[in-house]
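Below: the structure, in structure tokens.
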Amino acid sequence: MKLSKAFIPTLKEVPADAITASHVLMLRSGMVRMLSAGIYSFLPLGYRVVQNITSIIREEMNAIGAQEFHLPALNPREIWEETNRVAAFGDTMFHIKNLNRDYVLAPTHEEIMTYHARNQITSYKEMPQIWYQIQTKFRNEARPRSGVIRGRQFLMKDAYSFDSSWENLDKSYALHDKAYRNIFNRCGIKYFIVGASSGAMGGTGSEEFMVKSDAGEDTVAYCEKCGYAANVEVATSVVAPIARDAVSEELKEISTPNVKSIDELCAFLKIDETQCAKSRVYIFDEKPILILITGNEEVNETKLEKLLGGSIRPAHPEELKEITGADAGSIGPVGYKGRIIADNKLKGRNNLYSGANKNDYHLGGVDFTRDIKNIEYADVRIVEAEEGCPNCGEKLGVFTSIELGHIFKLGTKYSAAMGATFLDENGKDNPIIMGSYGIGCERVMACYIEQHHDEHGIIWEKALAPYHIQLLGLNMKKQEVAEESEKIYNELLGSGYEVLFDDRTDAQAGFKFKDADLMGMPLQVIVGDKKLKEQKVEVKIRKTGERFDVDIDKVIAWVKEYFEKN
RNA sequence: CGGGGUGUAGCGCAGCCCGGUAGCGCGCUUCGUUCGGGACGAAGAGGCCGUAGGUUCGAAUCCUAUCACCCCGACCA
């Protein structure tokens, strides 16, 4: 492709609305443009990357015997009623009403695949089947963000497996697990895997393929050493217990006017936050529960709900006064009448500070074993970085990350609801056992860029690069430069490389260099009249910035050798 | 949906408090000079100041409503 003819609108300045690196670079390199919030057009350069990603996905899916479908995005509403997911999706689902017919735009395709399975798969002999498609999904996200990472319309590879037994589902699941690793490895993405319960989807096993990113939406705890990874909502950690002081001081009331937060308390009393027991009141089953955690740590509401076996909510400010006799900031366990749960880290401690259940007063010298009755202990806090991995004891990292792919064992949720059954060896009717496997294709692109860029632009590796080589003719008004670069262009094309040829006559050298670094093809072949006089051209490796002077007649060989190794 | 912010030329922004001829940089067009890290000069083109009401002799500027977009939160098969 000649740049003089191409529609690749690069931007020198950073667009005001883009914050995350991948979003900025995708806009600046002329790969995407926003049409509306969370709705993006892929321009030619960006679409080439999408096609590279989907090609890799296709190859790996086909390699495990999966078969590609092309399904409608426009679906009759009734089919989604069969599984009650119109209600489940709520406002996230786009609805179209036309004349007297109700349609929805598919946010995923379990129902449609199950519909086809229901009509055709009737015997255990017809399974296993793995069906997939790569297509646009529609979800009316409440808040689209980070460019293409969270959009209202996005390209997704979704696959569904149909098996006659749970054992066979395990096999289909394992095939996908392997295929996903291959896909992300080939794309050059550094990922990790979080095992999680599949929650609302129903079913038993699931794995999320995650990428560490500041633009991420999930916070996870991850151990580099053993691979332990869990969403902080469920993550646990090993922390060194804080020992009980040898001597318990007497309980004492301290006047603390206008002291509300732990920080203020620590500053006022000149104590460390680990000496504080912070109180939080939640309402569970219409009854208040006092939760105690150390210092400035946070209550993990998900863990707490799991512990209690039901949903909780923080108590309202007016309720606090009624329950404890004090406002938030002065609440504490001593004298509290209801149920008390303290985090494990506080177990058996003494000489702590806490609220006095009396505004503007705190208590010192609190001894959990002496002063508080009926105290329960549990893990109710949010894991923090540097704490010990529950598996191997190494220090955990805690960071945000993006979910790129998710595989899970659906089981019979959809097949049962929709009556997709088969006859087994005994002639008995059973619901088909399903798995569901998704990859966000544009997210792969965005995450790759998040992981592979520098201050100049994107750094593509060959697998996803829109072109293998950017060929720069530095001064195209000079005949020898124009002729020689044109010749190299044709030779590179003839050798099977995808080449973006910057043949613009009106751009100066510096301009072309900046554009090339921004777009980030793996190799730049630079043709300028100075080196041409010595029968040489320059080759630059984008990733390392290394430059090599190469004899003109050896350029093709040089490029070949490079791509064989990289 | 709650909180905060921004809408002025293709892009980035100033002007708004304190109402009175709509500006700057980049980009674009033409000509000339340059030509290996986002060149220089000269001459141009381009804007209902998001939209709708209102106040006023007069509104980009003040008031009201509304829409769009961004950020934080809630939500997230």
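Worth saying up front: this structure is predicted, and the values here are computed from it rather than measured. Just so it is clear: chains get the letters A, B, ... in the order the sequence lines come, proteins before strands, and each one is counted from 1.
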How close or far is atom P of B:C35 from atom CD of A:Glu480, stated in whole angstroms?
14 Å
Per side chain to side chain contact (heavy atoms under 4.5 Å, CB included), A:Ser22 is matched among A:Ile449, A:Leu27, A:Ile458 by A:Ile449
Measure the CE-CG distance between A:Met476 and A:Leu3 for me, rounded to the nearest 0.5 Å.
11.0 Å
Between B:C17 and B:G7, how far apart are the P atoms? Round to whole Å, please.
14 Å
A quick test of your reading: do over 12 heavy atoms of other residues, nucleotides or ligands sit less than 6.0 Å from CD of A:Gln479?
no
Taking the nucleotide of RNA chain B with the closest heavy atom to each, which residue, A:Gly438 or A:Gln524, is nearer the 5' end?
A:Gln524
For a side-chain hydrogen bond (donor to acceptor under 3.5 Å, both in side chains) check, start with the C-alpha distance between A:His109 and A:Lys137, then their side-chain angles and the critical distance, and finish with the verdict.
CA-CA 9 Å; A:His109 276 86; A:Lys137 312 282 176 186; 2.5 Å; yes
Among the candidates B:G38, B:G36, B:C35, find the nucleotide nearest to the side-chain atoms of A:Leu474.
B:G36
C1' atoms of B:G12 and B:C28, separation to the nearest Å
16 Å
Choose from B:G36, B:G38, B:C35 the nucleotide whose nearest atom is closest to any side-chain atom of A:Lys531.
B:G36
Nucleotides 67-76 of chain B: protein proximity per nucleotide (B base, S sugar-phosphate only, - neither; heavy atom, under 4.0 Å)
--SSBBBBBB
Nucleotide opposite B:A14 in a Watson-Crick or G-U pair, distances under 3.5 Å:
none
Using whole Å, what does the distance between atom C1' of nucleotide B:G36 and atom CG of A:Asp529 come to?
9 Å
Donor-acceptor under 3.5 Å (A:Ser206 side chain, A:Phe408 main chain):
no
Looking only at B:C35, B:G36, B:G38, the nucleotide nearest the A:Asp515 side chain is B:G38
Spacing of the C1' atoms in B:C18 and B:G32 (rounded, Å):
47 Å
Closest-nucleotide ordering on RNA chain B, the 5'-leading residue of A:Lys477 and A:Gly510
A:Lys477
Does the side chain of A:Tyr40 come under 3.5 Å of the side chain of A:His23 through a donor N or O and an acceptor N or O?
yes
